[in-house]
Amino acid sequence: GCSENFEFKNYTIITSQCKGPHYPADRCCAAFKEFACPYAELLNDLTNDCASTMFSYINLYGKYPPGLFASECREGKQGLACP
Amino acid sequence: ANYVPADEYFLNCGGPNGETPGQKWTSDIASSFLQKSGSSTAAKASTQDPSVSEVPYMTARVFSSVFTYSIPVGPGRKFVRLYFYPVSYDNRNASNAVFTVTAQSYTLLKNFSAFQTTQALNYVSLVKEYSVYVEGDKLDITFKPESKISNSYAFVNGIEVVSMPDIYSTTDGTTKIVGQDSPFIIDNTTALENVYRLNVGGNDISPDKDTGMFRSWYDDTNYIYGAAFGVPETADPNLTITYPDGMPSYVAPLDVYSTARSMGPNARINLNYNLTWILSIDSGFSYLVRLHFCEVASNITDINQRVFDIFLNNQTAQEGADVAGWANRHNGVPVYKDYVVFAPTGDPQQDMWLALHPNTASKSQFYDAILNGVEVFKVNDTTGNLGGLNPTP
Amino acid sequence: RRMRYYISYGALSANRIPCPP
């Protein structure tokens, strides 16, 4: 399970910045990081299902194509750097 | 060879001349296309979302009363594309922009709110594409604010009118309504709205990379049902795509036919799922569904190797589809098939299901399916209307 | 040094389109 409840987070951080029809990678990834970095430790711990739960809600609220963030967001070898 | 349109207009409404990849925009200010007597204002967008280009989105022509563009064109079919960036113009409230747009005798948009539509789709801008047959020597596009809404207005950021070849008509009667055996005729009296154009198994294709018709093609993954993505396939580099006689090469770009999506290497798994796309459509209209096929695998070059059934809205549209068979026992040869489905009235929008499943009756070598591209067009109803209801955010 | 946080590709792969069967 996931100790963080992702159901009622403020997804407008992402949905206001990352929009169709082209879903620009720079805007979508920056907004994704802004939303997700506070939960980085939880998300990186793959023994819980926080990451998949979070992405389900992000895709639901933003009507995003499946796989959008995983396919568009690339940075260094450790992953996406948080501020 | 690409199609070369005789008429090609890219009007930047309310703004200056400009360029976007492959498209030269001309200002409509003081243009002879504007209705002489009509009143309209050229306005700047109140905000610029970084993902919209200056041209044509940062300026608009705003109408508080009925207004017509009269564009001189030769007779024949035209693509009409309307560009909308629904922010505030001239300090007006974006949600008051509710209007109707007609072209010749067809209603393209009715009670249209670009603002509500972009909210519902979480889009920043919209391009609405139509195909209209022009009899005479000009195309009239009329904007009419919704009278039932106080201080309503109409606006448009860009108007594109390009000649197109008559590649979507079905006058030969071979296009059937799914589930019935009756032919469905699309001819010069039919207006169409393109609602989906997907490069299945491939990437987005921008208008300048189309075959001269400035169509946009989108990656199909947004519409795959569930997580059943199957396998994207790309033609081997040494496989040349050769269009069969009688099929103009501008029907679809090479990138559509050289990429595809299939079900995967494991027959047992393939027999237990349908490769499915879900496409939200307006209720109460008929739809022309064009499926593009081309065998891209080097080991599939004969009949009865990859045979599958095609379902549209849970009805069998095609039994025993055999792409290599349709292509005279070749791979690398594009083929397309047209079907018509009717979306009964009810909720404002409904889901159209497009599903593929192996045809085991054929005992084909591979229990698999393949698709390269999908185009879906809304067909005008008996009153000449193409306008659906705005989607609910 | 303060621990610098990253969102790992492992976390991102939860958004990945599942591998073909």
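Sequence lines set the chain letters: A, B, ... in the order given, protein chains first and strands last, and positions in each chain run from 1.
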So, C:N15 side chain and A:F55 main chain: donor-acceptor pair closer than 3.5 Å or not? no
C:Y6 vs A:K33 side-chain heavy atoms within contact, under 4.5 Å: no
Does any heavy atom of chain C fall under 4.5 Å from the side chain of A:L46, the backbone, both, or neither of them? side chain
Could you tell me the separation between the CD1 atom of C:I7 and the CD atom of A:Q78, rounded to the nearest 0.5 Å? 13.0 Å
Taking atom CD of A:E75 as the centre, report whether more than 12 heavy atoms of other residues, nucleotides or ligands fall under 6.0 Å from it. yes
Given the options A:N44, A:L43, A:T53, which has more heavy-atom pairs under 4.5 Å with chain C than any of the others? A:N44
Does the side-chain contact (heavy atoms from CB on, under 4.5 Å) test come out yes or no for C:R16 and A:F69, once each step is laid out? CA-CA 8 Å; C:R16 179 173 308 294; A:F69 299 96; over 6 Å; no
Is there a side-chain contact between C:Y5 and A:L80 in this structure, where contact means two heavy atoms from C-beta onward sitting under 4.5 Å apart? no
Check each atom of A:D45 against the heavy atoms of chain C and say whether the ones under 4.5 Å are side chain, backbone, both or neither. neither
I need the minimum non-hydrogen distance between A:A51 and C:A11, along with the two atoms involved. CB-O, 3.7 Å
